[in-house]
Amino acid sequence: MGLIQFYNVTKLYPPDVVALENITLKIDKGEFVFLVGPSGAGKTTLVRLLFREELPTKGQILVGGRSITRLKGREIALLRRTIGMVFQDFKLIPDWTVFENVAFALRVIEVPPREIKPRVERVLDQVGLLSRAHLFPHQLSGGEQQRVAIARAIVNRPRILVADEPTGNLDPDTSRKIMALLQEINAMGTTVIMATHAWDIVNSMKKRVIALRAGRLVRDDREGVYGYEA
Amino acid sequence: MRRNLWMSLAAAASVAVTMFLLGVFLLLVFNLNYMASQLQSNVEIAAFLHVDTPREVVQHLEAQIKHLPGVREVVLVPKEEGFRKISRQFGGEEELLSATGGVNPLPDYLLVRVNTPEEIRDIAGAIAQLPGVEKVNYGQEVVERLFALVRWLRWLGAGLILLLASGAVVLIMLTIRLTVYSRRQEISIMKYVGATDSFIRWPFFLEGLFLGLVGSGLAAGAVYGIYTWLLSRSFNLFLFLPLLNDPALLLKSLLGLIGAGAGVGALGSLLSIRQFLKV
């Protein structure tokens with residue numbers, strides 16, 4: 001049984017945009033998956049559906065064997081605690097320190113206060129930023145900011161990490177470091193899904209590649225390379 | 001909240017200003033009402049009896065009227081007394097008596113006071129039906145007009161209060177929306193990391209409640225200060241009518257104002273945050 005399953009998922013945006021069409025795929029626990037395709041292919045829509053930010057027009061989505069299309073209020077919040085999100089623009093809160101930004105993710109899911117500090121410190125150590133915990137985002141480089149965002153995404157130990165263009169704003173060297181970090185996280189058992197345009201990264205990693213084009217799944221290769229020609 | 005001090009101040013100030021206006025207006029309406037009821041309670045019915053009605057019949061009528069529902073008091077004004085009253089305006093009893101040919105042409109009449117001024121027309125009608133009653137007079141036109149005016153003022157007052165109150169809600173919502181808007185990133189990140197809606201709402205709710213309390217507390221304080229100052233100066237609202245001096249009602253209104261401010265603040269927060277929770 002896969003950790004994430006899409007069955008014939010279609011997403012339409014009225015009046016006539018077909019964002020995803022009849023997508024069926026399965027992602028197992030511990031996998032590292034690239035999601036590739038040109039802009040507008042449906043990568044972001046797929047991520048949003050998985051994250052229950054939107055509902056599919058048709059089809060079924062299961063996470064951990066449970067359908068997520070019928071979740072309500074609190075259950076949605078609980079689902080999201082099992083999925084860490086990383087964005088291209090980091091989405092850090094500028095007037096909070098690195099520590100506060102990461103601790104925030106624990107505070108809002110009501111982790112007991114005394115557990116927060118050790119957990120934040122451990123995860124900051126893991127991403128190599130423990131010494132910068134007291135700094136503010138604007139005092140960090142882009143790569144460091146993205147590492148803070150990753151720390152925030154994994155601090156509550158989600159089963160899945162979804163990264164939407166995490167290297168989109170970063171130079172190649174920094175990107176490589178971010179990829180190393182994501183691989184490390186994956187090696188510890190977290191399933192990683194990364195939507196990207198960075199063909200060089202995809203080609204060098206030799207991981208599973210799911211390619212979307214115009215809302216359709218055009219390729220799904222075990223050890224794939226970048227590309228979305230059918 | 002420390003991060004949004006200015007916006008919080010703006011929200012509290014908008015609560016304060018609108019609640020102050022509301023409070024002033026509320027007291028104005030109370031006073032108009034009070035004035036109207038003062039005027040109304042002075043209204044009486046004069047029931048003129050047939051001339052030469054025997055005194056026993058008059059007394060019987062008096063008793064009958066006293067038993068009508070809604071009647072508070074009946075006073076018999078015998079024709080002698082009536083004559084004395086009128087003659088004062090005509091240079092004395094003697095003169096008037098000689099002018100009327102030695103007879104008192106006046107009838108006895110009964111002065112009737114009622115419990116509720118609104119019933120005066122019906123009671124007057126009932127009295128007019130009684131045998132022996134010649135004519136009933138209660139200043140019909142003046143009273144009807146006064147009632148109409150009071151009714152109109154009440155509706156106007158209620159309407160204006162409603163208008164002002166909804167204006168307050170909108171104003172407060174807009175201001176609080178600004179503070180919520182300035183934190184929309186925080187809110188969306190909360191949603192992303194799996195905070196429940198109620199967890200996100202709670203601090204905003206408290207903030208709105210607090211801002212509403214502070215703002216309306218200031219407003220209530222100002223209203224109280226001004227009103228007691230006016231009372232101490234025995235300020236007259238209209239002509240000879242004094243201001244309503246009812247500490248219990250004042251207290252109730254001010255508490256109501258504070259409660260409404262707190263409610264409006266909390267409601268404004270909850271309504272403002274709704275759209276940002278749809279992530």
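Computed from a predicted model, the values in this text were never measured in an experiment. Just so it is clear: chains get the letters A, B, ... in the order the sequence lines come, proteins before strands, and each one is counted from 1.
Between the CD atom of B:Glu186 and the CG atom of A:Asp95 there is a distance of 8.0 Å, given to the nearest 0.5 Å. Distance CZ/A:Phe104 to CE/B:Met190: 3.5 Å, rounded to 0.5 Å.
Using a 4.5 Å cut-off between heavy atoms, A:Arg107 touches chain B through its backbone atoms (N, CA, C, O) alone. Only the backbone of A:Leu92 comes within contact range of chain B, with heavy atoms under 4.5 Å apart.
Counting heavy-atom neighbours within 6.0 Å of B:Tyr181 OH, excluding the residue itself, gives a total of 12 or less. In the displayed structure, A:Arg208 atom CZ is contacted under 6.0 Å by more than 12 heavy atoms of other residues, nucleotides or ligands. Around CZ of B:Phe199, the count of heavy atoms belonging to other residues, nucleotides or ligands within 6.0 Å exceeds 12.
Between B:Val193 and A:Arg81, the shortest heavy-atom distance links the atoms O-CG, 3.9 Å. Smallest separation of non-hydrogen atoms from A:Ile109 and B:Gly194: CG2-O, 3.6 Å. Scanning all heavy atoms of the two residues, the minimum distance from A:Ala77 to B:Thr196 falls at CB-CG2, 3.7 Å.
Side-chain contact between B:Gln185 and A:Pro94 is present, with at least one heavy-atom pair separated by less than 4.5 Å. Side-chain contact between B:Tyr192 and A:Arg80: absent, with no pair of heavy atoms (C-beta onward) separated by less than 4.5 Å. Using a 4.5 Å heavy-atom threshold, the side chains of A:Arg152 and B:Ile189 count as touching.
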